[in-house]
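Naming convention: chains lettered A, B, ... in sequence-line order (proteins, then strands); numbering from 1 in each chain.
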Number of protein chains: 2
Amino acid sequence: MSTTTTDLSISALAELSGVTIDTLRYYERADLFVRPVRRDEAGRRRYGERDVIWVQFVTRLRATGMGITTIAEYTRLARLGEVTNPERLALLEEHREHVVEKLRETQASLDAISYKIAEYERKVADL
Amino acid sequence: MSTTTTDLSISALAELSGVTIDTLRYYERADLFVRPVRRDEAGRRRYGERDVIWVQFVTRLRATGMGITTIAEYTRLARLGEVTNPERLALLEEHREHVVEKLRETQASLDAISYKIAEYERKVADL
DNA sequence: GCTTGACCTGGAGTGCACTCCAGGGTCTAT
DNA sequence: ATAGACCCTGGAGTGCACTCCAGGTCAAGC
């Protein structure tokens, strides 16, 4: 048995996660990995299973609008270990509130747009 | 009775619509008004009721992620009159699809985050 | 042994939607 | 008639999240 279950190149992780190679490198520079990304003998990045899971979660955070610096802060806490669980919890809870609120607003705007669409449908049909 | 029901200064419209003065001027440059914004004798902008309604709708479109150029296209169609109703309808319907899809994705990501929050709650409680 | 392809680095460039600025005009109240 | 508030213009600057680039290394296949 090997110490790392998975062992992906950057292009493999890119394909798997839907994040581009450039963005993966950018995330690394922005300190969004909990621990330094492993390298092979030639200096190429090798990602393990935990990296895959991490990137997927980062993607969730991004998809809900969390900024890079906030994710970096979350990552920093994760690096410090279990003691920071309460802080990480608080951070995620606050983010969730933002997202829920944003969803509400988007839904409200969508309703207004749908109303407008209904108007157009009526007008177009009446021709 | 006057020909214009409302007659707002740019700061009044800004306050009313929640859009900054600079952004209102920016929207004007970007051609997001159906017809030229009226000016008083001194060259200052005067907004009527239709402008208010229009800006509010533009805000809905922005809030749901429609880009400035697409709104400009929608505006261009509006300028051409009722004949473009079918095109405007199509444009809004396509946008609605995008938004609905985006909402779905955001909700899915939010679910993943909520799951993570539940994990943290469990861990923090178990201490 | 040489090409091909994947990868590396630091740094520059991009697109978007604002947001700010300098320098100037005008209206109102004191 | 002077101060202060509000508005004007063209253009520059900002923040964010990528995205691209030049120039180079390295391993594998022909």
Provide, to the nearest angstrom, the distance between the [atom1] atom belonging to [X] and the [atom2] atom belonging to [N].
{"X": "A/Leu8", "N": "C/dA6", "atom1": "CG", "atom2": "C1'", "value": "15 Å"}
{"X": "B/Ile71", "N": "C/dC16", "atom1": "CD1", "atom2": "P", "value": "13 Å"}
{"X": "A/Arg46", "N": "C/dC8", "atom1": "CZ", "atom2": "P", "value": "8 Å"}
{"X": "B/Arg44", "N": "D/dA5", "atom1": "CZ", "atom2": "P", "value": "16 Å"}
{"X": "A/Ile10", "N": "D/dC26", "atom1": "CD1", "atom2": "P", "value": "18 Å"}
{"X": "A/Arg39", "N": "C/dA6", "atom1": "CZ", "atom2": "P", "value": "18 Å"}
{"X": "B/Glu41", "N": "C/dT26", "atom1": "CD", "atom2": "P", "value": "12 Å"}
{"X": "B/Ile21", "N": "C/dC21", "atom1": "CD1", "atom2": "P", "value": "14 Å"}

- Query: Is there a path from A/Leu110 to B/Leu61 through hydrophobic residues (I, L, V, M, F, W, Y) whose side chains come within less than 4.5 Å of each other?
  - Reply: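 Different hydrophobic clusters.
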- Item | Over 12 foreign heavy atoms within 6.0 Å of CZ, A/Arg79 |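 For A/Arg79, atom CZ is crowded (more than 12 foreign heavy atoms under 6.0 Å).
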Under 4.0 Å between a side-chain N/O of [X] and OP1 or OP2 of [N], yes or no?
{"X": "A/Ser11", "N": "C/dC7", "result": "yes"}
{"X": "B/Arg62", "N": "C/dC16", "result": "no"}
{"X": "B/Arg45", "N": "D/dC8", "result": "yes"}
{"X": "A/Thr20", "N": "D/dC18", "result": "no"}
{"X": "B/Ser9", "N": "D/dC7", "result": "yes"}

- Item | Within residues 25-36 of chain B: residues closer than 4.0 Å to DNA chain C (heavy atoms) |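 Close to the strand are B/Tyr26, B/Tyr27.
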- Task: Let me know, please, whether B/Ala42 or B/Thr69 comes out on the 5' side of the other along DNA chain C by nearest nucleotide.
- Result: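 Comparing both residues, the 5'-ward one is B/Thr69.
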- Select from B/Asp22 and A/Gly43 the residue whose nearest nucleotide in DNA chain C is closer to the 5' end of that strand.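 Comparing both residues, the 5'-ward one is A/Gly43.
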- Query: Do the ring planes of B/Trp54 and B/Tyr74 sit parallel (below 30°), tilted (30 to 60°) or perpendicular (above 60°)?
  - Reply: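 B/Trp54 and B/Tyr74: parallel rings.
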- Between A/Ala72 and A/Ala30, which heavy-atom pair has the shortest distance, and what is it?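 Residues A/Ala72 and A/Ala30, closest heavy atoms: CB-O, 3.8 Å.
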- Query: For the atom pair CG (B/Leu103) and NE2 (B/His98), what is the distance rounded to the nearest 0.5 Å?
  - Reply: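 Rounded to the nearest 0.5 Å, the CG-NE2 separation comes out at 13.0 Å.
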- Message: Strictly distance-based, threshold 3.5 Å: is any side-chain N or O of A/Thr20 a donor or acceptor partner for the main-chain N or O of A/Thr23?
- Response: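 Confirmed, A/Thr20 side chain pairs with A/Thr23 backbone.
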- So, B/Asp31 and B/Arg76, do they make that salt bridge, N to O below 4.0 Å?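 Result for this pair is no, no salt bridge flagged.
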